[in-house]
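One structure below.
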Amino acid sequence: MAVPKRKMSRSNTRSRRANWKATAVVTAACSQCKSPKLPHAACGVCGTYNGRQVIEV
């Protein structure tokens with residue numbers, strides 16, 4: 001297992017951690033009601049997926 005020989009400085013640690021960013025949730029428009037929904041998932045508003053009704057809402 002690799003072990004660092006020297007302590008990493010604060011500036012190096014902070015610059016490395018600065019690249020840990022949260023990304024926004026990707027949404028797609030529903031083909032039936034045009035409301036935003038997660039891709040590859042049934043619409044929570046109208047209950048359709050791939051052009052057919054899959055959930056009773």
Side-chain angles (χ1 to χ4, degrees):
M1 185 161 96
V3 178
K5 227 172 213 193
R6 300 256 184 260
K7 181 178 179 177
M8 189 174 276
S9 68
R10 281 186 189 162
S11 63
N12 283 349
T13 302
R14 289 173 181 166
S15 68
R16 187 186 72 244
R17 286 180 185 160
N19 290 316
W20 283 64
K21 298 178 187 75
T23 56
V25 176
V26 179
T27 57
C30 176
S31 59
Q32 300 291 100
C33 64
K34 306 299 186 229
S35 65
K37 69 172 190 74
L38 291 173
H40 306 287
C43 179
V45 178
C46 62
T48 59
Y49 179 73
N50 203 15
R52 59 193 169 97
Q53 191 75 24
V54 292
I55 301 172
E56 288 295 323
V57 180

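These numbers were taken from a predicted model, which means no experiment stands behind them. In what follows, every heavy atom counts, from backbone to side chain, and hydrogens, waters and symmetry copies are set aside.
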Quiz prompt | Partner set under side chain to side chain donor-acceptor pair (under 3.5 Å) for S15, not counting sequence neighbours | solution =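 For S15, no residue satisfies side chain to side chain donor-acceptor pair (under 3.5 Å) once neighbours in sequence are set aside.
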Using atom types as modelled, flag every donor-acceptor pair under 3.5 Å from a side chain in residues 28-52 to any protein atom, sequence neighbours excluded.
from : atom 1 : to  : atom 2 : distance (Å)
K34  : NZ     : S31 : O      : 3.1
K37  : NZ     : A41 : O      : 3.1

Quiz prompt | Contacts of type side-chain contact (heavy atoms from CB on, under 4.5 Å), residue V57, not counting sequence neighbours | solution =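 side-chain contact (heavy atoms from CB on, under 4.5 Å) check on V57 returns I55.
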Quiz prompt | Partners passing side-chain contact (heavy atoms from CB on, under 4.5 Å) against R16 (at least two apart in sequence or in another chain) | solution = M8, T13
Quiz item: Using links of under 4.5 Å between side-chain heavy atoms of ILVMFWY residues, direct or through other members, which residues join M1 in one cluster?
Solution: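 Traced through the cluster, M1 reaches no other member.
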